Engineer: 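Got a structure for you, questions after.
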Amino acid sequence: MSGRTKYLLDEDSMPTQWYNIVPDLPEPPPPPLHPATGQPVGPDDLAPLFPQALIGQEVTTDRFVDIPGEVIDVYRLWRPSPLFRARRLEKALGTPAKIYYKYEGVSPVGSHKPNTAVPQAFYNAAEGITRLTTETGAGQWGSALAFSCAQYGIDCEVWQVRASYDQKPYRKLMMETYGATVHPSPSDLTESGRKVLAEHPDSTGSLGIAISEAVEKAASDEGTRYALGSVLNHVLLHQTVIGEEALKQLELAGDTPDVLVGCTGGGSNFGGLAFPFLREKLAGRMSPTIRAVEPAACPSLTRGRYAYDFGDTAGLTPLLKMHTLGHDFIPDPIHAGGLRYHGMSPLLSHIYELGLIEAVAVPQQECFSAGVRFARAEGIIPAPEPTHALAACVREALRCKESGEEKVILTALCGHAHLDLPAYGAYLAGDMIDHELPQETLEASLAALPAT
Ligand SMILES: *Cc1c(COP(=O)(O)O)cnc(C)c1O
């Protein structure tokens, strides 16, 4: 088991550009549409919600986008992040495969989310915006944005899904420590929230409802804009720092990946790791299999429809062409809160349709079993979301054990579980169940897709 375990880059070899995969694709992704006109949305439609710089990045066809110096300076707090060789997990599995993981839990909030929260806060502050609104589920995104707003001196207002607000007080306290204001969603502060509460006074909320509230607030206030932690092109763009660093680190290790796996909620940590490798694959320089892993309870890529749908429950966002389970779909309460979103990044959905990536859905007990195995071997307790990626790593590594293949497997360990330990408690106590999405539930939800 001896041998190098960590591959570290110096601060000065941090990427200075984000990578945009769009110009390297055989065809561009379909544009977002205005729900009223059915026409592609223009910059003016988005201006009440996002600063010009981010609207520009959302539609850019430049292959590379410079990272502002002010953003790099904040990235220095934790980037470059380490790449680990999981030698102890390999040994525990008895596999000839080599497993590498890019660890994003070293960020101040313990996940990959600040890779985009920092530039989003920066561009808003640079354009004179004084407050950002957003939604959060378990609180990973809300805490990342709260931290980032504090870096540039702007206010942060967060709608947190009621169930998490009540059950997981620690990330709310993190957000407040960074200076943010946190409301449970649905709230009586917005029309969208009041409408849900009128029908369901005891609603425990959903990400789709919380997005409606945050969007409504931003659209109605001049100095306020909205920030989204996943799904959109500019978010995936910012996350490519993960893959660019990993490319260099694997080169240090003298390996190229045969299989790349990552968990997908809205697609940002997966896209961030995978896109630079997909660029290399499209250029013929390597040929990894690239596999997205989603929960069986919320399987947008493997069982959703590729169709135009709203990003939120109230229908306030543009229509996005994406793999979706339907905008009013409310997933079962699995522990991986970050993977409970009805849609998938339009860019990633398009890439999946082009056949450039694969997808699998994994039940939650298998994920936590992999998470516990990983923790006992490698020490880090993975957040519930990346246990999905680890379950796929374990499957692949065990296939290699059968076949004797020495494949190189790469994954993103996109966060740690220090504030999600009750999920492990449920697993260890034998109280965890697998939620299979019934076909009738799915069909009922898909029947409510907007006509386009
Ligand atoms: C938010 C989150 C996710 C899901 O979002 P993606 O955009 O799919 O990456 C996954 N893991 C962690 C740790 C998260 O915080």
Side-chain angles (χ1 to χ4, degrees), residues 81 101-117 120 134-148 158 160-161 164 168 171 174-175 207 210-211 227-243 261-275 291-295 298-301 311 322-323 331 334-349 351-352 357 359 361-362 364 367 371 374 380-392 411-420 423:
S81 68
Y101 58 96
K102 176 74 168 156
Y103 185 43
E104 292 295 311
V106 291
S107 84
V109 300
S111 78
H112 66 292
K113 294 283 194 335
N115 295 333
T116 183
Q120 290 195 48
T134 198
E135 73 293 330
T136 198
Q140 288 276 23
W141 168 242
S143 50
L145 193 68
F147 152 71
S148 303
V158 183
Q160 182 171 25
V161 175
S164 304
K168 302 182 177 173
R171 284 226 179 75
M174 270 178 89
M175 292 184 260
L207 272 181
I211 295 175
L228 189 63
S230 186
V231 179
L232 297 178
N233 296 351
H234 66 266
V235 178
L236 274 64
L237 175 81
H238 299 153
Q239 293 293 354
T240 58
V241 288
I242 303 174
V261 295
C263 68
T264 45
S268 75
N269 87 85
F270 176 75
L273 177 70
F275 287 174
R291 187 173 297 140
V293 190
E294 57 186 13
C298 195
S300 54
L301 280 174
M322 60 183 176
H323 283 267
I334 54 166
H335 290 279
L339 307 184
R340 292 180 71 233
Y341 181 63
H342 68 272
M344 182 50 62
S345 146
L347 182 53
L348 204 63
S349 297
I351 287 171
Y352 182 61
I357 60 167
V362 182
Q364 103 171 322
C367 298
F374 183 90
I380 298 168
I381 306 181
E385 293 84 2
T387 63
H388 291 69
L390 292 172
T411 192
L413 183 55
C414 53
H416 65 64
H418 295 180
L419 298 182
D420 302 295

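Remember, it's 1-based here, ligands and their atoms both numbered in the order they're listed. What's counted below: heavy atoms across the whole structure, side chains too, no hydrogens, waters or symmetry copies. Not measured: the values here are computed from a predicted model.
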Engineer: Is there any salt bridge (Lys or Arg N to Asp or Glu O under 4.0 Å) pair reaching into residues 227-239, and which pairs are they, with sequence neighbours excluded?
Structural biologist: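 Matches after skipping sequence neighbours: none remain.
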Engineer: Ignoring hydrogens and geometry beyond distance, is a side-chain donor-acceptor pair present between N269 and E385 at under 3.5 Å?
Structural biologist: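 No, no side-chain donor-acceptor contact under 3.5 Å.
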Engineer: Rounded to the nearest 0.5 Å, what's the gap from CD1 on I334 to NE2 on H388? Could you check?
Structural biologist: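 Separation between the atoms: 5.0 Å.
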Engineer: Return the set of residues passing ring pair (Phe, Tyr, Trp, His ring centres under 6.0 Å) with H342 (not counting sequence neighbours), or none when no residue passes.
Structural biologist: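 H342 satisfies ring pair (Phe, Tyr, Trp, His ring centres under 6.0 Å) with no residue once adjacent residues are dropped.
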Engineer: With sequence neighbours excluded, tell me which residues meet side-chain contact (heavy atoms from CB on, under 4.5 Å) with A423.
Structural biologist: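 Applying side-chain contact (heavy atoms from CB on, under 4.5 Å) to A423 gives H335, F368, P384.
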Engineer: Tabulated below should be the N or O atoms of ligand 1 paired with protein N or O atoms at under 3.5 Å; can you produce that?
Structural biologist:
unit_1   : atom_1 : unit_2 : atom_2 : d
ligand 1 : 7 (O)  : S230   : OG     : 2.5
ligand 1 : 7 (O)  : G267   : N      : 3.4
ligand 1 : 7 (O)  : S268   : N      : 2.8
ligand 1 : 7 (O)  : S268   : OG     : 2.6
ligand 1 : 8 (O)  : G265   : N      : 2.7
ligand 1 : 8 (O)  : G266   : N      : 3.0
ligand 1 : 8 (O)  : G267   : N      : 2.9
ligand 1 : 9 (O)  : H112   : NE2    : 3.0
ligand 1 : 9 (O)  : S268   : OG     : 3.3
ligand 1 : 9 (O)  : N269   : N      : 2.9
ligand 1 : 9 (O)  : N269   : ND2    : 2.8
ligand 1 : 15 (O) : K113   : NZ     : 2.7

Engineer: At what distance, to the nearest 0.5 angstrom, does OG1 of T136 lie from NZ of K113?
Structural biologist: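 Going from OG1 on T136 over to NZ on K113, the span is 7.5 Å.
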